[in-house]
Asks: 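Okay, here's the structure, questions in a sec.
Values reported hereafter were calculated over all heavy atoms of this structure, with side chains retained and with hydrogens, waters and symmetry mates removed.
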Amino acid sequence: MMNVEGMLKQYASIRRAYAKYLCQSFKNENFSPSEIDILIFLFNNPSINTSKDLKVCLGISKSLVCRSVETLLQRGLLHMEEDQKDRRMQRLTITEQAYPIIMEIKQCRDSFTEYVMKDVSDDELELIEKIMKKINLNIDMVVRGEMKNENVK
């Protein structure tokens, strides 16, 4: 029977394969997995656009976010400007130069998804989605502190 450790290993395996596939597809451009994640995330979530947002939402370290953002800024793929209301905050936006790369990343992502899901039926995908929603609801309860740890004395 699958336990949390087994699930985490499966997720990590998917993440490694996805990162490897994308990095191989973009080896001539020399993007890191974090840089690819940041570009896609900002494209899909333009209003969630600070380094702190990226750190939290992508689950990567502050130093890795800073290093990746700096590289993307130097390559002209991101633009940074001060927040109008809070000058301590810097907002990130994607530049026009980044859009062709993002479209390529999306094509690679779709190709990867199609390949790894090739022998999975629509009914099976529906079931996985239903199960993941239940698991995510339970995880949200843990994160909100609504589940007591019986092992804590």
Asks: What is the distance from atom OG of Ser63 to atom NZ of Lys55, rounded to the nearest 0.5 Å?
Replies: 10.0 Å
Asks: Once you round to the nearest 0.5 Å, how far does CG of Asp123 lie from CG of Leu125?
Replies: 9.0 Å
Asks: Going from CD1 on Ile48 to CG on Leu58, what distance comes out if it is rounded to the nearest 0.5 angstrom?
Replies: 10.0 Å
Asks: CZ of Arg91 to CE of Met80: how many Å apart, nearest 0.5 Å?
Replies: 11.5 Å
Asks: Any heavy-atom pair between the side chains of Ile102 and Ile40 that's under 4.5 Å?
Replies: yes
Asks: Find the distance between CD (Glu35) and CG (Leu22) and round it off to the nearest 0.5 Å.
Replies: 12.5 Å
Asks: Looking at Asn45 and Ser47, would you say the former's side chain and the latter's main chain have a donor-acceptor pair under 3.5 Å?
Replies: no
Asks: Between atom OG of Ser68 and atom CG of Leu54, what is the distance when rounded to the nearest 0.5 Å?
Replies: 9.5 Å
Asks: So, the side chain of Thr113 versus the backbone of Arg109: is there a donor-acceptor pair under 3.5 Å, distance only?
Replies: yes
Asks: Which heavy atom of Leu64 sits nearest to which heavy atom of Ser34, and what is that distance?
Replies: CD2-OG, 3.2 Å
Asks: Compare every heavy atom of Gln97 with every heavy atom of Arg75, then report the nearest pair and how far apart it is.
Replies: O-NE2, 3.2 Å
Asks: Kindly give the heavy-atom pair with the smallest separation between Phe112 and Ile14, and that separation in Å.
Replies: CZ-O, 4.3 Å
Asks: For Glu129, is there an ion pair with Lys133 - N to carboxylate O distance below 4.0 angstrom?
Replies: yes
Asks: On a heavy-atom basis, which atom in Tyr21 and which in Ser111 lie closest, and how many Å separate them?
Replies: OH-OG, 2.8 Å
Asks: Looking only at heavy atoms, what is the nearest atom pair of Ile94 and Leu42, with distance?
Replies: CD1-C, 3.5 Å
Asks: Let me check something: do Leu73 and Ile101 share a hydrophobic cluster, defined by ILVMFWY side-chain heavy atoms less than 4.5 Å apart, either directly or through other members?
Replies: yes
Asks: Taking only Lys NZ, Arg NE, NH1 and NH2, and the carboxylate oxygens of Asp or Glu, determine whether Asp37 and Arg15 approach each other closer than 4.0 Å.
Replies: yes
Asks: I'd like to know if the side chain of Thr71 and the backbone of Arg67 have a donor-acceptor N/O pair within less than 3.5 Å.
Replies: yes
